[in-house]
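Quick notes on the structure that follows.
Atoms within each ligand, like the ligands themselves, are counted from 1 in listed order. Side-chain atoms are counted along with the backbone in the values below, which use heavy atoms only and exclude waters and symmetry mates.
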Amino acid sequence: MNPLRSAILAAARSDRLRAAITTARPTRAVVDRFVAGETAADALRVARRLVATGFAVSLDHLGEDVTDTAEAGRTVDAYREVIAAVADAGLADRVEVSVKLSALGQALGAAGEHIAAEHAATICAAAADAGTTVTVDAEDHTTTESTLRVVGALRATWPWVGAVVQAQLRRTEDDCRALAGAGSRVRLCKGAYAEPGSVAYDTAGDVRAGFARCAGILLAGAGHPMFATHDPALIRPLTGRLRDTGRDPATVEFQMLYGVRPDEQRRLVDEGHTVRVYVPYGTQWYGYLMRRLAERPANVGFFLRALAGRR
Ligand code: FDA
């Protein structure tokens, strides 16, 4: 992995740096580029605007790696609040939520998986009442097995629960085969975490090739693939394949992050594709922001200039 990317991903886990960066005032300009705001009302405002201009949305209440049960419970409350707001705004058919099991208690010791599964079920029940859906984000590889187990259990009641797989992991082609059944919503992304070579591909080329193979498996299946990438080298052949096969654009999604390549997001909608924008909101933006910086050196420059007060 590129050394700059590794260093930034390591910084994402540093409490000292987190404290320094989150209290620096100029950081706000950078945060605003990638994060909708701090409250459910902020998230709704952005979602409403995106839906009005042709996009679908997945709202992510920021937070991960919670260390106590009370905090996990507050995450559930935050999701219930935003799901109710989505329903009240009449947006449930276009706006869903994404959740991280680590924000719901997955790492709280031996009972962590059970706690997270119960909390995720509460969120799914609220989503079902509101008429929307839930996608369970993928985190680092130590959680993959547990997360897919929880998703499988949730799907027994709510078959629309979305799974996320990461092309950088060597196991993911097998996971795609297992997840490509009828109606199965699967988000395929490259993977945002620093992973050891024993479980993950190391070069950008290998990750991209893995993504293309996984995309082929999902497209050949009977599910609902959701391609989460900004990479033109992946998007171009995928759009070509969809066009050539005459596949109904409603049965496939492209997904991109709020603030990343907005012109490409627009172009895809204008071409008739379904594009869902992943919109994070909340006060716990540090880990999310650091992963976005790690993806693109140009963002680090933007960030450092902001910290130096020059933007
Ligand atoms: P890549 O990083 O190679 O970028 C390709 C091009 O896109 C760049 O050259 C640049 O032009 C542009 N670009 C990409 N990132 C940018 C940025 N931050 N700022 C500006 N330009 C940028 N990961 C994970 O581990 N678990 C998950 O659950 C999810 N969920 C998820 C949902 C959605 C909707 C998306 C789009 C992504 C995720 N990810 C994720 C993140 C994903 O794994 C990956 O880290 C990023 O999408 C970056 O990879 P790309 O495929 O975009 O390619």
Side-chain angles (χ1 to χ4, degrees), residues 1-2 4-5 8-9 12 30-31 33-35 50 55-62 64 95-103 106 134-144 147-148 150-151 161-169 171-172 175 185-195 199-201 203-212 214-215 225-238 252-265 267-268 274-280 285 287-303:
M1 177 178 289
N2 161 330
L4 178 59
R5 183 166 179 233
I8 299 170
L9 289 174
V30 189
V31 178
R33 178 174 161 192
F34 296 109
V35 175
L50 286 165
F55 295 97
V57 172
S58 194
L59 294 175
D60 167 45
H61 179 260
L62 289 165
E64 51 199 276
V95 181
E96 65 146 24
V97 295
S98 286
V99 301
K100 283 188 174 47
L101 294 185
S102 77
Q106 188 180 33
V134 177
T135 296
V136 179
D137 284 351
E139 299 180 70
D140 74 69
H141 81 278
T142 63
T143 64
T144 308
T147 298
L148 291 179
V150 172
V151 168
V161 171
V164 179
V165 291
Q166 297 155 311
Q168 72 172 351
L169 296 185
R171 59 174 287 161
T172 297
D175 289 333
R185 298 173 65 245
V186 182
R187 177 196 299 156
L188 172 64
C189 63
K190 285 185 181 173
Y193 297 83
E195 303 287 14
V199 298
Y201 300 116
T203 67
D206 285 347
V207 175
R208 192 179 271 149
F211 191 113
C214 290
M226 309 186 282
F227 299 121
T229 181
H230 314 92
D231 190 342
L234 289 168
I235 294 170
R236 217 176 299 114
L238 280 170
V252 178
E253 291 178 19
F254 288 93
Q255 298 194 340
M256 295 195 197
L257 303 177
Y258 180 63
V260 179
R261 302 199 70 205
D263 294 350
E264 177 67 357
Q265 296 177 11
R267 189 188 70 78
L268 287 169
T274 303
V275 178
R276 189 177 295 279
V277 183
Y278 183 101
V279 177
W285 44 261
Y288 179 85
L289 179 73
M290 295 307 266
R291 287 194 294 279
R292 301 295 75 81
L293 295 181
E295 275 150 17
R296 193 158 147 79
N299 289 344
V300 180
F302 177 71
F303 184 60

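The nearest non-hydrogen atom to atom 42 (C) of ligand 1, considering only P232, C189, S98, A163, comes from C189. Of the listed residues (H230, E253, Q265), the one carrying the non-hydrogen atom nearest atom 6 (C) of ligand 1 is H230.
Any N or O atom pair closer than 3.5 Å counts here, and K190 shares at least one such pair with ligand 1. Checked against a 3.5 angstrom limit, the closest N/O atoms of Q255 and ligand 1 fall outside it. Checking only distances, E139 never comes within under 3.5 Å of ligand 1, N or O to N or O. Considering backbone and side-chain N/O atoms, R292 comes within less than 3.5 Å of an N/O atom of ligand 1. Checked by distance only, ligand 1 and V164 stay at 3.5 Å or farther apart across all their nitrogen or oxygen atoms. Checked by distance only, ligand 1 and A192 come closer than 3.5 Å through their nitrogen or oxygen atoms. Taking distance alone, with nitrogen or oxygen atoms compared against 3.5 Å, R33 stays at or beyond that limit from ligand 1. Note: an N/O pair closer than 3.5 Å links G191 and ligand 1 by distance alone. Considering backbone and side-chain N/O of Y193, none are found under 3.5 Å from N/O of ligand 1.
Near M256, meaning under 4.0 Å from any of its heavy atoms, are these atoms of ligand 1: 34 (C), 36 (C). Close approach to D137 involves these atoms of ligand 1, each under 4.0 Å from a residue heavy atom: 28 (O). Applying the 4.0 Å criterion to heavy atoms of Y278 picks out, from ligand 1, the atoms 32 (C), 34 (C). For ligand 1, the atoms sitting less than 4.0 Å from at least one non-hydrogen atom of T229 are 50 (P), 51 (O), 52 (O), numbered in the order shown with element in parentheses.
Between the side chains of E253 and Q255, at least one donor N or O sits under 3.5 Å from an acceptor N or O. A donor atom on one side chain and an acceptor atom on the other are not found under 3.5 Å apart for E139 and T147.
When all heavy atoms of V136 and V161 are compared, the closest pair comes out as CG2-CG1, 4.0 Å. Contact between L257 and Q265 at its shortest, heavy atoms only, is O-NE2, 3.0 Å. A192 and Q168 make their closest contact through N-NE2, 4.2 Å (heavy atoms, listed as atom of the first residue, atom of the second, distance). For the residue pair L169 and H141, the shortest heavy atom distance occurs at CD2-CB, 4.0 Å. Across all non-hydrogen atoms, the minimal contact from Y258 to P280 is CB-CD, 4.1 Å.
Remark: D137 CG to S58 OG distance equals 7.5 Å, nearest 0.5 Å.
Residue contact check for ligand 1: Q168 places no non-hydrogen atom closer than 4.0 Å to it.
Closest protein heavy atom to atom 31 (C) of ligand 1: R187 NH1, 3.8 Å. Ranking the protein heavy atoms by distance from atom 9 (O) of ligand 1 puts R296 NH1, 4.3 Å first.
By the 4.5 Å heavy-atom criterion applied to side chains, D60 and K100 are counted as neighbours. Contact of the L268 side chain with the I235 side chain is registered, since non-hydrogen atoms from C-beta on lie closer than 4.5 Å.
Within the 4.0 angstrom cut-off, atom 4 (O) of ligand 1 has no protein heavy-atom neighbours.
In summary, of the residues considered (D206, L188, T172), a side chain to side chain contact (heavy atoms under 4.5 Å, CB included) with F211 occurs for L188 alone.
When heavy-atom distances to ligand 1 are checked against a 4.0 Å cut-off, R276 has no atom that comes that close, whether in backbone or side chain. Within the 4.0 Å heavy-atom criterion, the part of Q166 lying near ligand 1 is the side chain and not the backbone.
In this structure, R292 forms a cation-pi arrangement with Y288, its terminal cationic atom sitting closer than 6.0 Å to the ring centre and no more than 45° off the ring axis.
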